[in-house]
Protein chains: 2
Amino acid sequence: MIFCYNQLEVCLKVIGGKWKGLILYHLHFGPKRTSELQKLVINITQKMLIQSLRELENDGIVKRTTYNQVPPKVEYSLTELGFSLHPILVTLAEWGGMYSDQLINNEEESQNV
Amino acid sequence: MIFCYNQLEVCLKVIGGKWKGLILYHLHFGPKRTSELQKLVINITQKMLIQSLRELENDGIVKRTTYNQVPPKVEYSLTELGFSLHPILVTLAEWGGMYSDQLINNEEESQNV
DNA sequence: CCGTATCCTAGCGGATACTG
DNA sequence: CAGTATCCGCTAGGATACGG
């Protein structure tokens, strides 16, 4: 059953961290090259981008495809497992949005009082 | 709009970390005293328990009730916002379980090949 | 029983410079 | 263009001891 040991932790390990969610979000719309991702994921450094992608690759969430050509070209895409993560990410983001809204409302209330 | 800026990060900030999910899980079944929680959440240190509870309290997820008596008694319970988190945690844990199963199957496959 | 303070460590996340 | 190496600060998480 659910919550035996710590499946929650397993999931958080995979999608946790500062950038992975964002990367997965962008990959959901199709394969992306490294440089494309770096433009899409605002403010990410190359190190964190590559590092995150490596971890996601090892976890079986993204797939890395190399084209042997000059200049080099590499594309990242979601695996089936990666796509299965999308609804979860959306749910999390929705809650985050709802939560942020609530904070704002509460502030307004306390100002009115 | 979903995924504007980083609502995902907001959510992960609240439920992320090693213990918060577990704590919230146990609180879902009703208010708990500090010492009860420490027994339920296996291996958590007192520091991390209190620290996690404080953060959840500041985020409006749990409510802390003190009873003025000797010996002191404190109870923690979920707020409405806290309860709204439960389906999300379940989804995350389900995915974690599915993911773990998949890992096992893949290992078996690669052994058969 | 409940909570705080202190000290310590590993790793995340980041800036920068460098290879092929 | 893609990726690696190095150096560094910060903080999450943990062990332990103490106070009300």
Side-chain angles (χ1 to χ4, degrees), chain A residues 5-6 8-27 30-59 61-77 92, chain B residues 5-6 8-27 30-59 61-77 92:
Chain A
Y5 295 106
N6 209 347
L8 214 176
E9 218 181 330
V10 173
C11 185
L12 286 175
K13 277 244 171 68
V14 175
I15 64 168
K18 195 166 174 181
W19 302 109
K20 291 184 182 173
L22 273 295
I23 295 174
L24 292 176
Y25 168 69
H26 288 296
L27 284 182
K32 295 276 178 300
R33 302 186 56 173
T34 315
S35 51
E36 285 182 289
L37 278 176
Q38 191 155 10
K39 272 173 222 146
L40 288 170
V41 183
I42 306 167
N43 281 333
I44 195 173
T45 59
Q46 199 174 30
K47 172 187 164 181
M48 291 317 295
L49 178 59
I50 304 290
Q51 186 174 307
S52 305
L53 285 169
R54 287 287 170 283
E55 290 173 15
L56 290 170
E57 195 187 346
N58 291 334
D59 291 338
I61 309 294
V62 310
K63 187 167 174 301
R64 183 170 177 272
T65 315
T66 321
Y67 300 87
N68 278 326
Q69 59 181 54
V70 181
K73 177 180 172 183
V74 178
E75 264 190 354
Y76 295 93
S77 54
L92 289 185
Chain B
Y5 295 106
N6 211 346
L8 215 178
E9 220 182 329
V10 173
C11 185
L12 286 175
K13 276 243 172 69
V14 175
I15 63 167
K18 194 165 173 181
W19 303 108
K20 291 184 183 174
L22 273 296
I23 295 174
L24 293 176
Y25 169 69
H26 288 295
L27 284 182
K32 295 275 178 298
R33 301 187 56 172
T34 316
S35 50
E36 285 182 290
L37 277 176
Q38 190 156 9
K39 274 171 219 147
L40 288 169
V41 183
I42 305 167
N43 281 333
I44 195 172
T45 59
Q46 201 174 29
K47 172 189 165 182
M48 291 317 296
L49 178 60
I50 303 291
Q51 186 174 307
S52 305
L53 285 169
R54 287 289 170 283
E55 290 173 15
L56 290 170
E57 194 188 346
N58 290 333
D59 292 339
I61 310 294
V62 310
K63 187 168 175 302
R64 181 170 179 271
T65 315
T66 321
Y67 300 87
N68 278 327
Q69 58 181 57
V70 181
K73 176 179 171 183
V74 178
E75 264 191 352
Y76 295 92
S77 54
L92 289 184

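Quick caveat: nothing in here was measured; it's all calculated off a predicted structure. Residue numbering restarts at 1 for every chain, and letters A, B, ... go by the order of the sequence lines.
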Between atom CD of B:Q46 and atom CD of B:Q51, what is the distance when rounded to the nearest 0.5 Å? 12.5 Å
So, B:E36 side chain and B:R33 main chain: donor-acceptor pair closer than 3.5 Å or not? yes
CG of A:L49 versus P of C:dA15: gap in Å, rounded? 14 Å
For B:V41 versus B:H26, what's the shortest heavy-atom pair and its separation? CG2-CD2, 3.7 Å
Identify all pairs in which a protein N or O lies below 3.5 Å from an N or O of nucleotides 2-6 of chain C, and state each distance.
from  : atom 1 : to    : atom 2 : distance (Å)
C:dC2 : OP1    : B:R33 : NE     : 3.2
C:dC2 : OP1    : B:R33 : NH2    : 2.9
C:dC2 : OP2    : B:S35 : N      : 3.0
C:dC2 : OP2    : B:S35 : OG     : 2.9
C:dG3 : OP1    : B:R64 : NE     : 3.1
C:dG3 : OP1    : B:R64 : NH2    : 2.4
C:dG3 : OP1    : B:Y76 : OH     : 3.4
C:dG3 : OP2    : B:T34 : OG1    : 3.0
C:dG3 : OP2    : B:Y76 : OH     : 3.3
C:dG3 : N7     : B:Q46 : OE1    : 3.2
C:dG3 : N7     : B:Q46 : NE2    : 3.0
C:dG3 : O6     : B:Q46 : OE1    : 3.2

Report yes if a side-chain nitrogen or oxygen of B:W19 is closer than 4.0 Å to either non-bridging phosphate oxygen (OP1 or OP2) of D:dA12; otherwise report no. no
Between D:dG20 atom P and B:N68 atom CG, what is the distance in whole Å? 17 Å
Taken in chain and number order and not counting sequence neighbours, the residues that satisfy side-chain hydrogen bond (donor to acceptor under 3.5 Å, both in side chains) with A:E57 are none
Lys/Arg cation over aromatic B:Y76: B:K32, 6.0 Å, 45° cone: no
From CE of B:M48 over to P of D:dT11, roughly how many Å is that when rounded to an integer? 15 Å
Can you check the A:Q51 CD to C:dG11 C1' distance for me, whole Å? 10 Å
Surrounding NZ of B:K13 (heavy atoms of other residues, nucleotides or ligands, distance under 6.0 Å), is the total greater than 12? no
When rounded to whole Å, the NZ to P distance for the pair A:K18 and C:dG11 reads 20 Å
Just how far, in rounded Å, is P of D:dA2 from CD of A:E57? 15 Å
Separation of C:dA15 P from A:Q38 CD (nearest whole Å): 12 Å
Gap between atoms CD and C1', on A:Q69 and D:dC1 respectively (whole Å): 10 Å
